[in-house]
Number of protein chains: 2
Amino acid sequence: MKFTPDDFAKELKSKNIRLSHQRLKVLEYLSEHKCHPTVDQIYTNLLKEIPTLSKTTVYSTLGALADAGMVKAINIEDNEIRYDITVEDHGHFKCESCGAIYDFPADMAHLESEVLSGFKIRDKNVYFKGTCPMCLANKN
Amino acid sequence: MKFTPDDFAKELKSKNIRLSHQRLKVLEYLSEHKCHPTVDQIYTNLLKEIPTLSKTTVYSTLGALADAGMVKAINIEDNEIRYDITVEDHGHFKCESCGAIYDFPADMAHLESEVLSGFKIRDKNVYFKGTCPMCLANKN
DNA sequence: ATACAAAGTTGTAATGATTACAATATAATA
DNA sequence: TATTATATTGTAATCATTACAACTTTGTAT
Ligand SMILES: [Mn+2]
Ligand SMILES: [Mn+2]
Ligand SMILES: [Zn+2]
Ligand SMILES: [Zn+2]
């Protein structure tokens, strides 16, 4: 919605990242699936469109895009990295029942502590865990 | 400092967790090493005192203690779980240069969002990444 | 348009943390 | 002390991620 393939191409160029079909498709997938997919989900789904796609490419692409600040890696569980094309500060809620990850606004500025006065902060993360309304309803 | 082995024994009993030498040692190690050690660090160091220790035991022990709320698993990087005996809410700062993890006070209550009104929140996490003062100084 | 060099992609194999499981040992209880 | 449930151990399996070398594509200069 917010981005067209052309927008992605321009942004990649502006960041001196070479344009490739695979990179554009990964960006397109993330912009159309804001559910914070895993590498495997991205790979499996893109495979339908790009039968020659390699999982290594998905890893390296996401790594490059993350380095460039175009996507953000989400570490909530230790056994999976998820990716988010929304790089603006916000919190994540992971439902322990259905596994869904929800976004919520989080005021990161409020978290600043005088204890960190001498630190250079590059990245801020907030995540909660619990049960989502849908799963709470299903239990009754 | 805060806990003696006896305190741990009492707390385990109160939670109906069986008392074992290994569990007490893991708790003792965490209370004496608040640097958020990895499973492997805990294992390697306890091996000196308990030559028969198995890494599987360290995993299962930490899992049981985490389920009981006596320790907290810290997921910052995707390739390592760290453990913290401080279970009260606080934030973590990971230095990307030296790898050290620092504690800082974080007002989690402020993060509550009306978006989460129907959610049951069980666990809140805040972590930052960047460079610590020591590493910043060393760069000059 | 063509050619070249740098960078990206692919497939496969290696790595490394975590888990599964069956045999053995220990802890709690009577 | 005997019994039973649970914990520990060692080994093998799992599975996400990374390393690497051959091949392909992209960006750029001719
Ligand atoms: Mn998000
Ligand atoms: Mn801590
Ligand atoms: Zn749910
Ligand atoms: Zn540092």
Side-chain angles (χ1 to χ4, degrees), chain A residues 5-6 8-27 29 36-68 70-71 73-83 99, chain B residues 5-6 8-27 29 36-68 70-71 73-83 99:
Chain A
D6 252 33
F8 289 133
K10 276 178 199 162
E11 194 166 351
L12 287 170
K13 271 183 197 159
S14 82
K15 302 213 152 130
N16 276 346
I17 298 176
R18 275 160 99 136
L19 211 61
S20 77
H21 185 222
Q22 290 85 343
R23 285 174 178 171
L24 287 174
K25 282 296 180 186
V26 167
L27 284 168
Y29 185 85
H36 315 91
T38 63
V39 172
D40 195 65
Q41 287 174 318
I42 298 167
Y43 167 71
T44 302
N45 284 285
L46 287 183
L47 203 55
K48 299 166 191 163
E49 291 181 73
I50 316 172
T52 62
L53 185 64
S54 160
K55 198 178 269 190
T56 303
T57 299
V58 180
Y59 275 105
S60 83
T61 293
L62 289 165
L65 296 176
D67 288 346
M70 291 181 68
V71 305
I74 307 291
N75 290 118
I76 297 183
E77 307 297 333
D78 62 299
N79 62 336
E80 61 181 22
I81 313 179
R82 290 171 172 272
Y83 282 91
Chain B
D6 251 34
F8 289 133
K10 275 177 200 160
E11 194 166 353
L12 287 170
K13 270 183 199 160
S14 81
K15 302 214 151 132
N16 276 346
I17 298 177
R18 276 160 100 135
L19 212 58
S20 77
H21 185 223
Q22 290 84 344
R23 285 173 179 172
L24 287 174
K25 283 296 180 186
V26 167
L27 283 168
Y29 184 85
H36 316 90
T38 62
V39 172
D40 194 66
Q41 286 174 319
I42 298 168
Y43 168 71
T44 302
N45 283 285
L46 287 182
L47 203 56
K48 299 166 190 164
E49 291 181 71
I50 315 170
T52 60
L53 184 64
S54 160
K55 197 178 273 191
T56 303
T57 300
V58 180
Y59 274 104
S60 84
T61 293
L62 289 166
L65 296 175
D67 286 346
M70 292 181 68
V71 304
I74 308 291
N75 289 119
I76 297 183
E77 306 297 334
D78 62 300
N79 62 335
E80 61 182 21
I81 312 179
R82 291 171 172 273
Y83 282 91

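Proteins come first, then strands; the chains are lettered A, B, ... in the order of their sequence lines, and each starts at number 1. These numbers come from a predicted model, not from an experiment.
Residue A:Asp40 is classed as having no contact, given no heavy-atom separation below 4.0 Å to the nucleic acid.
Position along DNA chain C of the nearest nucleotide to A:His21 versus B:Leu19 favours A:His21 as the more 5'-ward residue. Heavy-atom distances to DNA chain C give each of B:Ile81 and A:Ser54 a nearest nucleotide, and the one nearer the 5′ end belongs to A:Ser54.
Side-chain N/O atoms of B:Thr52 include one lying less than 4.0 angstrom from OP1 or OP2 on D:dT9. Residue B:Gln22 places none of its side-chain N or O atoms closer than 4.0 Å to OP1 or OP2 of C:dT26. For D:dT9, one of the phosphate oxygens OP1 or OP2 lies less than 4.0 angstrom from a side-chain nitrogen or oxygen of B:Thr57. Not one side-chain nitrogen or oxygen of B:Thr56 sits closer than 4.0 Å to the OP1 or OP2 atom of C:dT18. In terms of phosphate contacts, A:Thr61 brings a side-chain nitrogen or oxygen within less than 4.0 Å of OP1 or OP2 of C:dT9.
The separation between B:Leu47 atom CG and D:dT8 atom C1' is 14 Å, rounded to whole Å. Distance A:Tyr59 OH to D:dC20 C1': 17 Å, rounded to the nearest Å. Taking atom CD on B:Glu80 and atom P on D:dA16, their separation rounds to 19 Å, with Å as the unit. Across the protein-nucleic acid pair, B:Lys55 atom NZ and C:dA20 atom P stand 17 Å apart, rounded to whole Å. Atom CD1 of B:Ile17 is separated from atom C1' of C:dA28 by 15 Å (rounded to the nearest Å). We find that CG of A:Asp67 is positioned 12 Å from P of C:dG8, with the value rounded to whole Å. Taking atom OH of B:Tyr83 as the reference point, atom C1' of C:dA17 lies 12 Å away to the nearest angstrom. Summarising the geometry, the separation between CG on B:Leu53 and C1' on D:dA7 is reported as 12 Å, rounded to the nearest angstrom.
Counting only distance, with no hydrogens or angles, the side chain of B:Ser14 and the backbone of B:Glu11 share a donor-acceptor pair below 3.5 Å.
Separation of atoms CG (B:Asn75) and CZ (B:Arg82) is listed at 11.5 Å; rounding is to 0.5 Å. Rounding to the nearest 0.5 Å places CG of B:Asn45 at 9.0 Å from CG of B:Asp40. Taking NZ from B:Lys15 and CG from B:Leu65, the interatomic distance works out to 9.5 Å, rounded to the nearest 0.5 Å.
Listed candidates were C:dT18, D:dA7, C:dT9. Nearest to the side chain of B:Arg23 is D:dA7.
Between the side chain of A:Arg18 and the base of C:dA7 there is no donor-acceptor pair of N/O atoms closer than 3.5 Å.
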Task: Criterion side chain to side chain contact (heavy atoms under 4.5 Å, CB included) on A:Val71 and A:Val26, from CA distance to verdict - done: CA-CA 10 Å; A:Val71 305; A:Val26 167; over 6 Å; no
